[in-house]
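For reference, the structure discussed in these notes is given below.
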Amino acid sequence: MIPDKDPGSAILALHRATHATLHALTTRLADLDLPAADINVLANLADAAGRTVGALATATATRPSTLTSLLDRLTRRGYIVRESDLADRRSFVVRLTPAGQAAAVRAAEAVADLEQQALATVTPEQLAGFHALIDALTEVSR
């Protein structure tokens with residue numbers, strides 16, 4: 001237990017930070033009119049490399065059934081296309097359209113800018129501790 005803190009305070013603080021971060025990103029990208037989950041997908045695709053639906057689900061920590069409806073929405077907006085995976089015809093690869101690439105670059109830049117601002121006062125040791133906590137939480141949550 002963390003001294004002078006309530007049990008579970010690290011998880012609750014992470015939850016608050018997640019909501020604040022999602023709010024900041026949707027505010028910065030308000031003109032795109034995208035929910036945070038869509039911004040997350042686009043930012044993960046910003047490198048222009050296609051991803052299978054399974055790889056994208058893992059990268060975004062999104063259930064495949066939830067991701068399917070999210071991808072449907074991004075397809076209707078003209079941001080992505082789903083193509084048959086040449087390596088496995090039962091699977092699809094998600095790729096950005098030119099409009100999607102522009103939105104994805106903006107999303108990735110907003111994420112990077114927010115992170116840069118947040119890390120300006122954080123030491124490398126503090127950042128390492130944060131990553132250790134995130135890794136530990138991820139492992140016990142599986």
Side-chain angles (χ1 to χ4, degrees), residues 1-85 87-88 90-142:
M1 187 159 84
I2 301 170
D4 300 322
K5 296 286 182 173
D6 294 330
S9 64
I11 291 173
L12 297 177
L14 179 61
H15 197 247
R16 280 190 303 278
T18 299
H19 281 279
T21 300
L22 297 176
H23 177 72
L25 289 172
T26 56
T27 299
R28 289 173 187 222
L29 300 168
D31 62 303
L32 293 178
D33 192 30
L34 293 170
D38 294 29
I39 292 169
N40 184 16
V41 167
L42 290 174
N44 273 279
L45 291 169
D47 63 2
R51 305 275 193 303
T52 64
V53 173
L56 198 51
T58 299
T60 61
T62 306
R63 289 188 317 250
S65 59
T66 302
L67 186 60
T68 297
S69 62
L70 192 154
L71 294 176
D72 288 344
R73 187 169 55 242
L74 289 172
T75 299
R76 284 191 303 273
R77 297 273 311 258
Y79 288 151
I80 64 159
V81 293
R82 286 178 269 199
E83 302 170 343
S84 292
D85 185 351
D88 180 0
R90 298 168 296 165
S91 196
F92 291 96
V93 175
V94 178
R95 298 194 190 283
L96 293 167
T97 64
Q101 182 64 43
V105 166
R106 287 199 48 218
E109 288 172 348
V111 168
D113 182 55
L114 186 59
E115 183 172 314
Q116 183 180 18
Q117 288 178 9
L119 295 181
T121 61
V122 175
T123 67
E125 294 79 17
Q126 291 170 322
L127 183 58
F130 169 78
H131 282 287
L133 175 60
I134 294 300
D135 291 346
L137 287 170
T138 301
E139 283 304 311
V140 300
S141 298
R142 288 182 190 202

For a side chain to side chain contact (heavy atoms under 4.5 Å, CB included) check, start with the C-alpha distance between Leu34 and Tyr79, then their side-chain angles and the critical distance, and finish with the verdict. CA-CA 11 Å; Leu34 293 170; Tyr79 288 151; 4.0 Å; yes
Salt bridge (Lys or Arg N to Asp or Glu O under 4.0 Å) filter on Asp72, not counting sequence neighbours, yields Arg82
Shortest non-hydrogen pair, Leu133 vs Ala10, comes out as CD2-CB, 4.2 Å
Report, as yes or no, whether the 6.0 Å neighbourhood of atom CD on Gln116 holds more than 12 heavy atoms from other residues, nucleotides or ligands. no
Evaluate whether atom CD1 of Ile134 has more than 12 neighbouring non-hydrogen atoms of other residues, nucleotides or ligands under 6.0 angstrom away. yes
Supply the atom-to-atom distance Leu14 CG to Thr18 OG1, rounded to the nearest 0.5 angstrom. 4.5 Å
Interatomic spacing from CG in Leu96 to CG in Leu74 - rounded to 0.5 Å: 9.0 Å
Taking only residues two or more places apart in sequence, or in another chain, which ones meet Glu83 in a side chain to side chain contact (heavy atoms under 4.5 Å, CB included)? Val81, Arg95
Taking the six-membered ring for Trp, are His19 and His15 closer than 6.0 Å centroid to centroid? yes
Leu119 and Phe130: side chain to side chain contact (heavy atoms under 4.5 Å, CB included), yes or no, with the steps? CA-CA 11 Å; Leu119 295 181; Phe130 169 78; over 6 Å; no
Contacts of Thr123 that satisfy side chain to side chain contact (heavy atoms under 4.5 Å, CB included) - sequence neighbours left out: Glu125, Gln126
Verdict with supporting geometry, Asp38 and Arg77, salt bridge (Lys or Arg N to Asp or Glu O under 4.0 Å): CA-CA 11 Å; Asp38 294 29; Arg77 297 273 311 258; 5.7 Å; no
Which atoms form the tightest heavy-atom contact between Leu127 and Val122, and what is the distance? N-CG1, 3.8 Å
Does Asp31 have any salt bridge (Lys or Arg N to Asp or Glu O under 4.0 Å) partners at least two apart in sequence or in another chain, and if so, which? Arg106
Using side chain to side chain contact (heavy atoms under 4.5 Å, CB included) as the criterion, point out the one residue from Ile80, Val41, Thr60 that pairs with Leu70. Val41
Can I get a per-line list of side-chain donor-acceptor pairs under 3.5 Å for residues 43-57, giving both atom names and the distance, sequence neighbours left out?
residue: Asn44; atom: ND2; partner: Asn40; partner atom: O; Å: 2.8
residue: Asn44; atom: ND2; partner: Asn40; partner atom: OD1; Å: 2.8
residue: Asp47; atom: OD1; partner: Ala49; partner atom: N; Å: 3.0
residue: Asp47; atom: OD1; partner: Arg51; partner atom: NH1; Å: 3.1
residue: Asp47; atom: OD1; partner: Arg51; partner atom: NH2; Å: 3.4
residue: Asp47; atom: OD2; partner: Arg51; partner atom: NH2; Å: 2.9
residue: Arg51; atom: NH1; partner: Ala49; partner atom: O; Å: 2.7
residue: Arg51; atom: NH2; partner: Asn44; partner atom: O; Å: 3.0
residue: Thr52; atom: OG1; partner: Ala55; partner atom: N; Å: 3.0

Residues at least two apart in sequence or cross-chain that pass side chain to side chain contact (heavy atoms under 4.5 Å, CB included) with Glu109, listed by chain then number, are Val105
Closest non-hydrogen atom pair between Ala110 and Arg28, with its separation: O-NH1, 4.2 Å
Could you tell me the separation between the CD1 atom of Ile11 and the CZ atom of Arg16, rounded to the nearest 0.5 Å? 12.0 Å
